[in-house]
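Notes follow once the structure below has been shown.
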Amino acid sequence: MAEQVWVGTWRPHRPRGPIMALYSSPGPKYLIPPTTGFVTHTPNKLRAPAYSFHGAPVLLAENCSPGPRYSVNPKILRTGQDLGPAYSIRGRCCTKTTLSPGPGHYFPEKSTKHVFDLAPSHSISVRTKTFRVDSTPGPAAYMLPTVMGPHTVGKASQPAFSIKGRSKLGSFSDDLYKTPGPAAYRQTNVQVTKFKAPQYTMAARVEPPGDKTLKPGPGAHSPEKVTVTKPCAPIVTFGIKHSDYMTPLVVDVE
């Protein structure tokens, strides 16, 4: 066997500890419960009884009774309180006064209906609070049967005929074959195969080209500043209406 060529200083050797590649199980992922102890003992093994050492109890005082610190009443015995008859001065008790009816509370004239027979009497009383909504139907709840037409009750009716609408099932207007109509076809433009006629359109108004720059208005001029380039501003005077050397026109009116 030819000698193997090794690269570096590493050589095959036995691993110093367990590695995961040597085990097909999940390895030390799961913790097996121990068989010793009481709290984490494995449940599939018998567990012996466990005992614990408790600390020494606290020493009690030598005298645990309360002693003569309680003052017991000498009149209280084991059978109860031993007392003789005792009297005290109390206030006057409040007595409840009952009001009895007087002579004006009785109605002897109404006793006749309990002794003698009387005719039934009726009175208009207010609506009782028990039946606030009457469940009985009113006059408008009843509908009398008709005396005309085929649905009369207790009467003989003549044969009645009605005009029914046209049925679309199986009629001439029902398209059973689902064929397309004239409106289903798109009309081809005639200008595709024939000479195209001249077309005219109405365009918008054409504005002539001009100067769109902002011009100064009347308020932007200052005529009083003409003396900057002239000796004085223009002066306007009022002259005569006619010439002194022209003969006036005289028109005789007779």
Side-chain angles (χ1 to χ4, degrees), residues 1-84 86 88 129-135 165-196 199-207 209-214:
M1 183 175 181
E3 184 180 358
Q4 298 180 359
V5 180
W6 303 100
V7 178
T9 58
W10 183 88
R11 298 292 183 273
H13 60 278
R14 184 182 298 276
R16 299 178 182 178
I19 59 175
M20 295 298 297
L22 300 177
Y23 300 96
S24 59
S25 61
K29 180 178 179 181
Y30 302 98
L31 181 62
I32 301 176
T35 56
T36 59
F38 185 81
V39 179
T40 58
H41 193 275
T42 177
N44 55 2
K45 298 292 183 179
L46 295 178
R47 184 173 59 185
Y51 303 94
S52 61
F53 294 93
H54 196 273
V58 181
L59 296 177
L60 301 178
E62 297 180 357
N63 191 2
C64 299
S65 61
R69 58 182 299 183
Y70 300 101
S71 178
V72 182
N73 192 356
K75 296 183 179 180
I76 297 177
L77 306 178
R78 63 181 183 83
T79 57
Q81 190 174 5
D82 183 16
L83 293 176
S88 62
K129 295 182 179 180
T130 306
F131 302 97
R132 292 183 177 271
V133 180
D134 295 335
S135 59
R166 186 186 301 273
S167 177
K168 293 183 178 181
L169 181 61
S171 63
F172 69 94
S173 60
D174 189 10
D175 189 7
L176 300 179
Y177 290 98
K178 303 297 180 181
T179 56
Y185 299 97
R186 183 178 180 182
Q187 185 180 2
T188 306
N189 193 0
V190 295
Q191 297 180 2
V192 177
T193 57
K194 295 184 178 182
F195 292 102
K196 185 176 181 180
Q199 297 179 352
Y200 304 94
T201 58
M202 298 179 64
R205 186 184 300 273
V206 179
E207 296 182 359
D211 189 8
K212 296 184 179 180
T213 58
L214 298 178

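When all heavy atoms of Thr35 and His41 are compared, the closest pair comes out as O-NE2, 2.9 Å.
For CG of Leu46, the number of neighbouring non-hydrogen atoms (other residues, nucleotides, ligands) closer than 6.0 Å is 12 at most.
Remark: Lys212 NZ to Leu214 CG distance equals 12.0 Å, nearest 0.5 Å.
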